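Since the structure is predicted, the reported quantities are computational estimates derived from the model, not experimental observations. In the text below, chain A, chain B and the rest are named by the order of the sequence lines, each starting its count at 1.
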Amino acid sequence: MQTSGYRQAFRILIIVMLWAATPAGSLGVEPEDAGTGLPVIPPMNLVAADTPNDNGNGITLRWDCPPGDDGSGAVISGYVVLRSENSREGYLETAVLGPGTAKYIDNGPAADPVTGEKIHFIRNKPYYYRVAARYASGYRAVSGASGPVQGRAQWFHDGKIPVLTATVLFFALVILYIQKARLQGSELYVRPIAGMKEIDNAIGRATEMGRPILYVLGLGSPEDIATIASYTILARVARKTAEYRTELIVPCNEPIVMTIAQETVRNAYMEAGHPDAYSDDMVFFVTSMQFAYVAAVNGLMLREKTATNCYFGKFYAESLLLSETGNIAGSIQVAGTDEVAQLPFFVTTCDYTLIGEELYAASAYLGRDPLLLGALKAQDFAKALVMILIVAGAVLMSFGIDWLLEIITVRM
Amino acid sequence: MDSNPWIWNTIAAFFTIGTFSFLYKDNPLYKIAESVVVGIAAGYFAVLLFWTSLRPKFWDMIVYEHKYWYVIPGLLGIMMYFRFSRKWGWLSRYPLALYIGIGSGIAIPLMLQTFVLRQLEATMLPIGFASFEGFSNLLVVLMVLAGLIYFFFSMEHKGVVGKTATFGIWVIMIGFGASFGYTVMARVSLLIGRIQFLLGTWLHLVD
């Protein structure tokens, strides 16, 4: 108790010294706090400015905390942000913040104390702000007004210029290499990918055994790159199953993924010259709920006794549940995903696993389509560029030079 | 409906045991649990979609907020149902093309930002042999380079490239091992949670 008393006295001494060092002219009303004997000082140097790189739905406020605020709440219990459309009156509470806070982005509604009505923040509307410091003793000291300021939308996020540069560069490489692939055709070399070579064998095995092939597109949405890559592999698998007249089962977790998968399989059957063998029932929707989907697919594996299970796409916690069941059922399993956290499970339970980018490369390897080959070659070029940047950046950083790091840093 | 929690806990316990019974083999109890969860999930999702998407993002926007341009995505959504018609099925390809195009447009820069530029930032580290940190950073840089070489598809994995790629796949496998162990621990904690439910909440055998 004695120690605590000394600490409190020391803290008060520091606060008084800080207060004494602060120019008196910059302060607002300073009544004395009856509890601590300290002056009641409002937040200082309040600046309200449009939040940069946003859609206009935010104004950033910054202020200096009064000297009494050590963040503990002992002297100042918090701050109240006040907003008005008029500099002199009509200020409404828009946020209540904790002690030690010196920044706030206002984008929420303010509550009218009389009617209780929520008055929403509107972009391009001029606002004035004040910030009140709430003292633990009950005093409230309000800063001067800052404003008018409007929340304006920006067309470009200047912190993301490195992303724009990288995207433009990458697309230029893709276009360049697609042209090259069109000219050179299948002469462009792509190293063999073990898992893909085995897919044909696995389809052959299913045909010999007279059992179906299960193809799972994962839980990704249609625009996920892994799902897009999976469509290409599905097309290849479907062409083979059409040729061999092997049964194909594609249970889907997402309605739009199902629609695209139906189109993919239908086209593959047409290309294989067996449109009559295609049925919409081959590709069907199960449920969008993750574990309910797993329960259904697991049951399907055991009841239909699938000879080959293919898992290509985006997978989450269901990866092990699916592949372990397939393993127990004795199916040949080939998997591929770019979800790093799920890859260990596929590696341990499947016969072949396409790791990360191998999934994207597989589609190019299978199809030899100039579009896909060109994209793959562009990716390789981009990787070489990344390796050069890593080496150059690491060497420069070792000598304390960080300009390269600054150039590539994305600022949110 | 009876609000007695024991009844609801017993139902939950029945389905928990039914699901666990799959560890032995496929059986009627598991089939019941599977059918119920799939059915309930489908029904729940349909209701959820109506109240979180169709109603607030389409109906309310047009009827109450008079934002009539919301009719356009609505029409695109309706076009998806033309799949059921042989004659008009081609119309469903337009919303699909739009959806994939917009999705890819959003995903590609995001992927470049998170999986290329952010990783690049994190790998540009000061390297050296003089300090532990410098040496550790050197190992990070070498392992990243080896991992990247493994994913290089334009060269055959032979000679120096092959050896570096082998080192790269070893590094990747070590990472997978750590990730596997971490996730298995998390799964075991989920199992513990279900056992605590069965023995504690349901049967009151443990506190």
Discussion item. Quick check on B/L138 against chain A: is it the side chain, the backbone, both or neither that has a heavy atom closer than 4.5 Å?
Written reply: neither
Worksheet item: Side chain, backbone, both or neither: which part of B/Y150 has a non-hydrogen atom closer than 4.5 Å to chain A?
Response: both
Item to complete: Using non-hydrogen atoms and a 4.5 Å limit, figure out which bit of A/L320 sits close to chain B: side chain, backbone, both or neither.
Response: side chain
Worksheet item: So which part of A/L376 gets closer than 4.5 Å to some heavy atom of chain B, the side chain, the backbone, both or neither?
Response: side chain
Fill in: Within residues 380-387 of chain A, residues adjacent to chain B where the heavy-atom gap is under 4.5 Å
A/D380, A/K383, A/A384, A/V386, A/M387
Worksheet item: Would you find a donor on one side and an acceptor on the other, under 3.5 Å apart, between the side chain of A/N267 and the backbone of A/T264?
Response: no
Worksheet item: Around A/Y316, counting heavy atoms of other residues, nucleotides and ligands shown, do more than 12 lie under 6.0 Å from its OH?
Response: yes
Discussion item. Counting only non-hydrogen atoms closer than 4.5 Å, does A/L302 touch chain B with its backbone (N, CA, C, O), its side chain (CB onward), both, or neither?
Written reply: side chain
Discussion item. Report which part of B/V36 has an atom under 4.5 Å of a heavy atom belonging to chain A: side chain, backbone, both, or neither.
Written reply: neither
Worksheet item: Relative to chain B, which segment of A/F291 carries a heavy atom at a distance below 4.5 Å: side chain, backbone, both, or neither?
Response: neither
Discussion item. At a 4.5 Å cut-off on heavy atoms, which part of A/L396 comes close to chain B: side chain, backbone, both, or neither?
Written reply: neither
Worksheet entry | Which portion of A/D224 sits near chain B, non-hydrogen atoms under 4.5 angstrom | neither
Worksheet item: Non-hydrogen atoms of chain A under 4.5 Å away: do they reach the side chain of B/Y182, the backbone, both or neither?
Response: neither
Fill in: Salt bridge present between A/R411 and A/D158 (N-O < 4.0 angstrom)
no
Fill in: Residue, of A/T167, A/T325, A/V163, A/T287, that accumulates the most heavy atom pairs under 4.5 Å with chain B
A/V163
Discussion item. Taking side chain as everything from C-beta outward and backbone as N, CA, C, O, which of these in A/A392 sits under 4.5 Å from a heavy atom of chain B? Side chain, backbone, both or neither.
Written reply: neither
Item to complete: Examine whether an atom of B/L112 lies under 4.5 Å from a heavy atom of chain A, and if so say whether it belongs to the side chain, the backbone or both; otherwise answer neither.
Response: side chain
Worksheet item: Between B/K31 and B/E34, does at least one N-O distance fall below 4.0 Å, as a salt bridge requires?
Response: no
Worksheet item: Just by distance, do the side chain of A/Q290 and the backbone of A/N253 share a donor-acceptor pair under 3.5 Å?
Response: no
Practice prompt. Would you please test A/M397 and A/D402 for side chain to side chain contact (heavy atoms under 4.5 Å, CB included) and show each step?
Written response: CA-CA 6 Å; A/M397 288 295 285; A/D402 63 356; 3.8 Å; yes
Worksheet item: Considering only heavy atoms, which portion of A/L389 lies under 4.5 Å from any heavy atom of chain B: side chain, backbone, both, or neither?
Response: both
